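Contents: one structure, followed by commentary.
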Amino acid sequence: MAVSPHPLIAAFDRHGQGQVFAFFARLAPDAQARLLEQAAEIDLDEIARLNRTLLAADRDATASLEGLAPAPFEPLPENGGDRAAWATARTAGEGALRAGRVAAFTVAGGQGTRLGYDGPKGTFPVTPVRRKPLFQVFAEKILATGRQFGRTPRWFVMTNHANHTATEAFFTEHRFFDLDPARVNFIRQGRMPAVGLDGKILLEAPDAIALSPDGHGGSLRVLDRSGALDLMAREGADTISYFQVDNPLVRCLDPEFIGWHLRRGSEMSSKMVTKTGPEEKVGHFCTLGGKTVVIEYSEPQMKREKIFEREADGTLRYRAGSIAIHLLDREFVRRMARGGDHALPFHRADKKVPTLDAAGRPVKPEKENGVKFEMFVFDALPFAKNPVVIETRRADDFSPVKNADGADSPATCRADQLRQSARWLHAAGVGIETDATGLPPFALEVSPLFGTDEETFAASWQKLPSKPVVHDGLYLE
Ligand code: UTP
């Protein structure tokens, strides 16, 4: 009598994805169980739909950018913004922090392939003197906010399957950098299978599907599924401050930004910086069909023509660059996470995906052999009511560690941290020598517990009973 296959295997067969179980019969029972468990994570209808829409579709066909215009933004006071409105925003934001309405949210589920660092990216030592890891920098900023406003915000850290355990262990080992462990939550994002160029789900081992994180847009789903939104609701927090794990300069809990967001009744707010030049590889805040959108640098029409357009005064027309810092309304996230008409779209990324050949032998591809599907958080913007974009000072908010060297590397980020410390010292009346770019000739480090901006730094500096001599290796806490 024939044994009927496992229902999951039968479903994969029906969807033309039977190759996932090609080596199943020769696996040990625990390996079979592992593969079945991974297979159960996959939404076969979703993969079929993505194969139809993203794989089979004409790859050169792009959405029309007809009617595209730069999105309006609130300029900083020094660039013509309304000084009184910024001050009002700040007061409102400080009130929200005092009332415990804001949670911090770090997305740390990326794979960090460009940096090539072995370990969760948040554990990368980033500061110039103490070599503090990225996670510690954020922890101290959160603690500093707590000290300043009397309530320490809850912190959600999004991990992925591969780095979740190591991330938790790192926090435990460092005693949560003095935060209350009960107020730090690790939430693990979902993953998606890679498919071959023919739409077939790829195996990375006889007992393992090639699965990878579902993009930073997966954060909206996981905030809902993990119960994070419910927890926030119980605690009276309604605003999520979203930032990336790779940017130690970020003002994690910025009162002015929070104030603009709340006063406008915005469901999703963003920060922009003026692009350094037409070819800086960041997304662009634009309006399209009456909605605020981010159009990526890599979008062909953008790359070909729009990025070079200039205003009559010579400034770049599409100068508002996105630096992946957002505020999200809790219930907006819930609405987006539950999908329906609001589901975030998936994007296709062609990658070299290590896999197996038909005989089960490992293949290390030399060129792109597969496709990964990812969601991007900024795709939520057009669904948000009253979205606000504000300008921020790049030097005080953005210097990511993306690459091992060159632009956006540990070296450029270190220099930007040094320049910031030097600027704050200057502003507090301490003359130190710098080069033309503001870089001091030696290492300095300011803990966020000493100051998180020019003002809080100056206040702490004034309070020092005796002023330290500024020298190589000076660390202020
Ligand atoms: P990046 O786009 O820089 O990707 O992520 P990455 O995976 O970190 O690095 P590469 O491209 O492999 O070199 C931007 C931010 O989004 C997070 C990252 O951790 C980073 O903070 N991210 C990205 C996630 O949390 N999950 C993802 O699936 C992707």
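Only heavy atoms go into these numbers, but all of them, side chains included; no hydrogens, no water, no symmetry mates. Every number for a ligand or one of its atoms is a count from 1 in the order of the listing. This structure is a prediction, so every number in the text was calculated from the model and none was measured.
Of the protein's non-hydrogen atoms, Gly112 N, 3.6 Å is the one closest to atom 6 (P) of ligand 1. The shortest contact between atom 25 (O) of ligand 1 and any protein heavy atom is with Gly109 N, 2.7 Å. Looking from atom 12 (O) of ligand 1 to the surrounding protein, the closest heavy atom is Thr113 OG1, 2.4 Å. Atom 14 (C) of ligand 1 has Gln244 OE1, 3.3 Å as its closest protein atom, hydrogens excluded (heavy atom only). Given atom 7 (O) of ligand 1, the protein heavy atom at minimum distance is Gln111 N, 2.8 Å. Among protein heavy atoms, the minimum distance from atom 20 (C) of ligand 1 is reached at Val107 O, 3.9 Å.
Close N/O approach between Gly110 and ligand 1 is found [any backbone or side-chain N/O within under 3.5 Å]. Residue Met158 has no N or O atom closer than 3.5 Å to an N or O atom of ligand 1. For a threshold of 3.5 Å applied to N or O pairs, the pair formed by Lys402 and ligand 1 contains at least one separation below that value.
Below 30°, between 30° and 60°, or above 60°: for Tyr318 and His284 the angle between ring planes is above 60°, a perpendicular geometry. Ring geometry for Phe135 versus Phe170: interplanar angle of 30 to 60°, hence tilted. The aromatic rings of Phe177 and His174 sit parallel to each other, their planes meeting at less than 30°, with 60° as the upper class boundary.
The closest side-chain donor-acceptor pair between Asn386 and Ser266, if any, does not fall under 3.5 angstrom. A donor and an acceptor atom, one from each side chain of Glu299 and Gln301, are nowhere located under 3.5 Å apart. Under the 3.5 Å distance criterion, with hydrogens and angles disregarded, a donor-acceptor pair is assigned to the side chains of His347 and Asp379.
A heavy-atom separation below 4.0 Å is not found between Gly218 and ligand 1.
Gln417 is listed as a side-chain neighbour of Val126, based on a closest heavy-atom distance under 4.5 Å.
Within a 6.0 Å sphere centred on CG of Asp198, other residues, nucleotides and ligands contribute more than 12 heavy atoms.
Of the candidates His216, Arg114, Gln189, the one placing a heavy atom closest to atom 1 (P) of ligand 1 is Arg114.
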